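Structure record follows, encoded as structure tokens.
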Protein chains: 2
Amino acid sequence: MASDHSASSAPGVPSLPPQQLATYFALMESVSLLQHQVDQHLRKEGAISYVQFQLLARLADAGGPLTMTQLADGVVYSRSGLTYQAGLLEKAGLITRDTYPDDERATLVTLTDDGAALFRRVLPGHIDAVRRLLFASLNDQDVQQLGDIMTRIRDQMRAHPPRSAAPRKRRTGRKASPPAAAGTD
Amino acid sequence: MASDHSASSAPGVPSLPPQQLATYFALMESVSLLQHQVDQHLRKEGAISYVQFQLLARLADAGGPLTMTQLADGVVYSRSGLTYQAGLLEKAGLITRDTYPDDERATLVTLTDDGAALFRRVLPGHIDAVRRLLFASLNDQDVQQLGDIMTRIRDQMRAHPPRSAAPRKRRTGRKASPPAAAGTD
DNA sequence: TATTGTTATACTCTATAACTATA
DNA sequence: TATAGTTATAGAGTATAACAATA
């Protein structure tokens, strides 16, 4: 991307300072590569996509059933998309779906033993890939700084839905708590 | 994702230190959101996808024609995928494809005036979104640090093709030079 | 023989809109 | 009426393998 290096070569044509531009590119390319490789690994090792892995991970992390809406948050951008993925996971025997007694509109998604087993099986390789690709060249301070910065960016984005955000999703009320904070509690 | 917070809760189950895990999540979620919103903007404003925008941007930045292979680098992960996207762009009149005289196996892709115009048209909004979403909460030092870190990560990944990397792409010989370095030269 | 690119094909994924059912 | 979720459907994107042509 680019041709927008000159701080203001043309009138009215906004640009980014070179430093920001380079940062933007490095960020997008890195994550694109990481996503792609991690996805490849998961498909090969577990016959699941990255999205599906994220859903299993959410369930594993929650330590219990979640409603569809809770499950969707941040992973999928449309309701039907989640229904589709959940359908695949259910067909594969990795989750079950049942009506939530307390609110019969809701669907309670539960990780099956097979689902949990699959998650445990692919996790080491996943972790390993992330460690090799993402963290291999960083020291503790780098990780700290990167985490701090990306957390700020994420919060900025969550708080900054574009002019016309998605219809209506995300209702469960995320506390914007760092995912790593929770235990298997 | 998770249930892998405990540094070593189970034997043989690798994990990541909480700090790394949180950083990983923040990074992936942020970029996912950014990609999604930027893609939305481009489709609305210019009826092109983010991938297509990246291809136009590469051509605009190059300041002249590129071969398919040069164009692909880093943006697309399969040859046929690029042919597909190039077909769309050509059909839309944004690029042309011709045989490269010096090597008749190659296809030379040229940005048309319409393509250049479209790129210029959507660029401001794109830049604006990146500025708002990505950089709004960062000061110069943050940008510097983030750029430094992500550049290292990108280089790490480029140098670290997974066990079984893609067949054979990427031949043009990237010098791993920061994208922002080049001008419209 | 290796490389560049295209085609055919099959599949995955996403999103919109219409719909059902419960609150 | 608003919310939770599903379904139908249609389109966009991706990847593999087979292919043609040039180096």
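No experiment lies behind these values; they were computed from the predicted model shown. By convention in this document, chain letters (A, B, ...) are assigned in the order of the sequence lines, proteins followed by strands, and residues within each chain are numbered from 1.
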Separation of Leu146(A) CG from Gln141(A) CD (nearest 0.5 Å)
12.0 Å
At what distance, to the nearest 0.5 angstrom, does CD1 of Ile48(A) lie from NE2 of His41(A)?
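The CD1 atom of Ile48(A) sits 9.5 Å away from the NE2 atom of His41(A).
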Between Leu71(B) (CG) and dT4(C) (P), how many Å, whole number?
14 Å
Residue from Val109(B), Val75(B), Leu55(B), Val51(B) passing side chain to side chain contact (heavy atoms under 4.5 Å, CB included) with Leu82(B)
Leu55(B)
Report the relative orientation of the aromatic rings in His36(A) and Tyr77(B); use parallel for angles under 30°, tilted for 30 to 60°, perpendicular for over 60°.
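Taking Tyr77(B) first and then His36(A), their aromatic rings lie parallel (interplane angle under 30°).
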For the backbone of Asn139(B) and the side chain of Asp142(B), can you confirm whether one donor and one acceptor N or O come within less than 3.5 Å of each other?
yes
I need the residues from residues 91-110 of chain A with at least one non-hydrogen atom less than 4.0 Å from DNA chain D; give them sorted by number, or say none.
Arg97(A), Arg105(A), Ala106(A), Thr107(A)
Is there a chain of hydrophobic side chains (I, L, V, M, F, W, Y, each step under 4.5 Å between heavy atoms) that links Leu111(B) to Leu108(B)?
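In one cluster: no.
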Would you indicate whether the side-chain heavy atoms of Thr99(B) and Thr107(B) approach each other to under 4.5 Å?
no
Could you check whether Phe119(A) and His126(A) have their ring centres less than 6.0 Å apart?
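No, they do not, as the ring centres are separated by 6.0 Å or more.
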Distance below 4.0 Å between Arg79(A) side-chain N/O and dA4(D) OP1 or OP2
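Yes, because at least one side-chain N or O of Arg79(A) sits under 4.0 Å from OP1 or OP2 of dA4(D).
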Protein-nucleotides 13-15 of chain D N/O pairs closer than 3.5 Å?
unit_1, atom_1, unit_2, atom_2, d
dG13(D), OP1, Arg43(B), NH1, 3.4
dG13(D), OP1, Arg43(B), NH2, 3.0
dT14(D), OP2, Gln85(B), NE2, 3.4
dA15(D), OP1, His36(A), NE2, 3.4
dA15(D), N7, Ser80(B), OG, 3.0

